[in-house]
Amino acid sequence: MLCRLGGRWLRPPPVLQVGTRVPQRVSAPTGCTKRSALPVWAVASVSAVSPGGGGGWYQALATSAPVQSAEEMLLGVHTATGLPWWGSILLTTVALRGSVTLPLAAYQHYILAKVENLQPEIKNIARHLNQEVALRANQLGWSKRVARLTYLKNMRRLVSELYVRDNCHPFKATVLVWIQLPMWIFMSVALRNFSTGAAHAEGFSVQEQLATGGVLWFPDLTSLDSTWILPISVGVINLLIVEIFALQKIGMSRFQMYVTYFVRAVSVLMIPVAATVPSSIVLYWFCSSFMGLSQNLLLRSPRFRRLCRIPLTKGDSETPYKDLFAAFYAKFISRK
């Protein structure tokens, strides 16, 4: 029988007759479960996607190869160590920070130190070039615009030659950002897949393990941190990193000041954002930020800088931590 609804004819569901057998979902006996020849961590953790392949940019990111590699790495650490999930996340973060970002950060400081040591030579070249261009402008009758363009063109060429000579182009110092930021995104998305049940490994649900894999006030890593302790800790640590950077820069340019204010704002905005995501992600952010803070403090050590063969600069100090504490105290505590 058909019925009319909203201009369309709908057919009601069929009525089962008495005695009709309803198909049942048959589960394989526990003893006969077929196991994979591969270890659990080696099975690709694939995020759920619709059969038609639909979805936006986030779904494409969540199912991308780098995110799947991050999922496999987390599963590998968890399976190999037998640690609870909070320990596996912490250990993975420390390993990534220690093996990837710390060497890149040391290389960044190496490049920046060489660039800083070139500044006196660059200033000397600029002074002589300015005098030479002014002399030629008087001889050939150049306008101020032509003289300025000639100066800038030759100055760029000479500075580039210095960077090539010392192999210290400032762009090389940005390699850390191009590696660290994607890694942070891929790990965060992988943990979100685990926490929302969008990723599975053969034989068990990672989401169920995360639900009991927390510690202290966040025993459930799939839920939000209702105490806001982790989100606030993430924001505070990020602000400390920004302030340490700002304290070691004397006479910042206007652009550097704008960047510093922007990063401060982002650090504060991270607090409410962190309060809206599963605790597993916030735990990763906390561990990553804490390692970043430790990394920044370590790279101020004269002994560690010598170990990494970072050149000495005019602004280096033999007592960096004492100087940092004094600057922090003067700016935030004793200020009237």
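Not one N or O on the side chain of Asn130 forms a donor-acceptor pair closer than 3.5 Å with the backbone of Ala126. Of the possible donor and acceptor atoms, one in the side chain of Gln108 sits under 3.5 Å from a partner among the backbone N and O of Ala173. Listed for the Gln295 side chain is no donor-acceptor partner under 3.5 Å among the backbone atoms of Ala105. Looking at Asn138, its side chain never comes within 3.5 Å of a backbone N or O of Leu135 through a donor-acceptor pair. Checking side-chain atoms of Arg97 against main-chain N and O of Ser288 turns up a donor-acceptor pair under 3.5 Å. The main-chain N or O of Leu90 is never found under 3.5 Å from a side-chain atom of Tyr284 such that the two would form a donor-acceptor pair. The backbone N or O of Ser279 lies less than 3.5 Å from no partner atom in the side chain of Asp225, so there is not a single donor-acceptor pair. Between the side chain of Thr276 and the backbone N or O of Val273, at least one donor-acceptor pair lies under 3.5 Å. For the pair Arg192 (side chain) and Ile281 (backbone), a donor-acceptor distance under 3.5 Å is absent.
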Practice item. Decide side chain to side chain donor-acceptor pair (under 3.5 Å) for Arg127 and Asn124; before the verdict, give the C-alpha distance in whole Å, the side-chain angles of both, and the deciding distance to 0.1 Å. Key: CA-CA 5 Å; Arg127 184 174 64 254; Asn124 187 41; 2.5 Å; yes
Point to revise | Chi angles and distances behind the side chain to side chain contact (heavy atoms under 4.5 Å, CB included) call for Ile125, Ile122 | key: CA-CA 5 Å; Ile125 291 175; Ile122 291 175; 5.7 Å; no
Exercise for review: Run the numbers on Thr260 and Met257 for side chain to side chain contact (heavy atoms under 4.5 Å, CB included), then give the verdict.
Suggested key: CA-CA 5 Å; Thr260 303; Met257 290 180 61; 5.6 Å; no
Exercise for review: Go through Trp142 and Thr150 one step at a time and tell me if the side chain to side chain donor-acceptor pair (under 3.5 Å) criterion holds.
Suggested key: CA-CA 10 Å; Trp142 290 348; Thr150 303; over 6 Å; no
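With contacts defined as side-chain heavy-atom distances shorter than 4.5 Å, the pair Ile111/Pro170 does not qualify. Here the side chains of Val277 and Trp285 are in contact, with some heavy-atom distance below 4.5 Å. In this structure, the side chains of Leu96 and Thr101 stay at 4.5 Å or more apart for every pair of heavy atoms. Counting only heavy atoms from C-beta outward, the side chains of Ile89 and Ser280 approach each other to under 4.5 Å. When side chains are defined from C-beta on, Arg305 does not count as touching Arg300, because their heavy atoms never get closer than 4.5 Å. Using a 4.5 Å heavy-atom threshold, the side chains of Asp166 and Leu162 count as separate. Within the 4.5 Å cutoff, the side chain of Val242 has heavy atoms near those of the Ser267 side chain. Two residues are said to be in side-chain contact when any heavy atoms from C-beta on lie closer than 4.5 Å; Phe245 and Ile241 fail this criterion.
In this structure His169 satisfies the ring pair (Phe, Tyr, Trp, His ring centres under 6.0 Å) test together with Tyr163, sequence neighbours excluded.
Surrounding CD of Glu132 are at most 12 heavy atoms belonging to other residues, nucleotides or ligands under 6.0 Å away. Crowding of Arg145 atom CZ: a count of heavy atoms from other residues, nucleotides or ligands under 6.0 Å not exceeding 12. Within 6.0 Å of atom OH in Tyr321, more than 12 heavy atoms from other residues, nucleotides or ligands are found, so the atom counts as buried in its surroundings. No more than 12 heavy-atom neighbours from other residues, nucleotides or ligands sit within 6.0 angstrom of OH on Tyr261. Phe290 CZ: 12 or fewer foreign heavy atoms inside a 6.0 Å radius.
Under the 4.0 Å criterion applied to side-chain N and carboxylate O atoms, Glu161 and Arg157 are assigned as salt-bridge partners. Ion pairing between Arg303 and Glu318 fails under the 4.0 Å rule for side-chain N and carboxylate O.
Considering CD of Glu71 and OG1 of Thr63, their distance stands at 9.5 Å, rounded to 0.5 Å. Of the inter-residue distances, the one linking Leu191 atom CG with Thr222 atom OG1 reads 12.0 Å to the nearest 0.5 angstrom. Once rounded to the nearest 0.5 Å, the distance linking CD1 of Ile310 with CG of Leu112 reads 9.5 Å. The line from CE of Met291 to CG of Leu293 is 10.5 Å long, rounded to the nearest 0.5 Å. With rounding to the nearest 0.5 Å, the separation of CD1 in Ile229 from CZ in Phe218 is 9.0 Å. The line from NE2 of His109 to CG of Asn296 is 6.0 Å long, rounded to the nearest 0.5 Å.
Lys314 and Asn117 are not linked by any side-chain donor-acceptor pair at a separation below 3.5 angstrom, with hydrogens and angles left out of the test.
Residue Val94 is not grouped with residue Leu299 when hydrophobic side chains (ILVMFWY) are merged at heavy-atom distances under 4.5 angstrom, including chains of intermediate members.
Checked against the 6.0 Å centroid criterion, the rings of Phe194 and Trp85 qualify as a close aromatic pair.
In this structure, Ala70 and Phe186 approach most closely via the heavy-atom pair CB-O, 4.0 Å. Closest approach of Asn238 and Ser289 over heavy atoms only: OD1-OG, 2.9 Å. Scanning both residues, Met73 and Thr92, for their nearest heavy atoms gives CE-CG2, 4.0 Å. Closest non-hydrogen pair, Gly98 versus Pro103, comes out as O-CD, 3.5 Å. Between His78 and Ser88, the shortest heavy-atom distance links the atoms ND1-OG, 3.2 Å. Across every non-hydrogen atom of Leu118 and Cys168, the tightest pair is CD1-SG, 3.6 Å.
Hydrophobic cluster membership for Phe171: Trp178 (Ile, Leu, Val, Met, Phe, Trp, Tyr linked by side-chain heavy atoms under 4.5 Å, directly or transitively).
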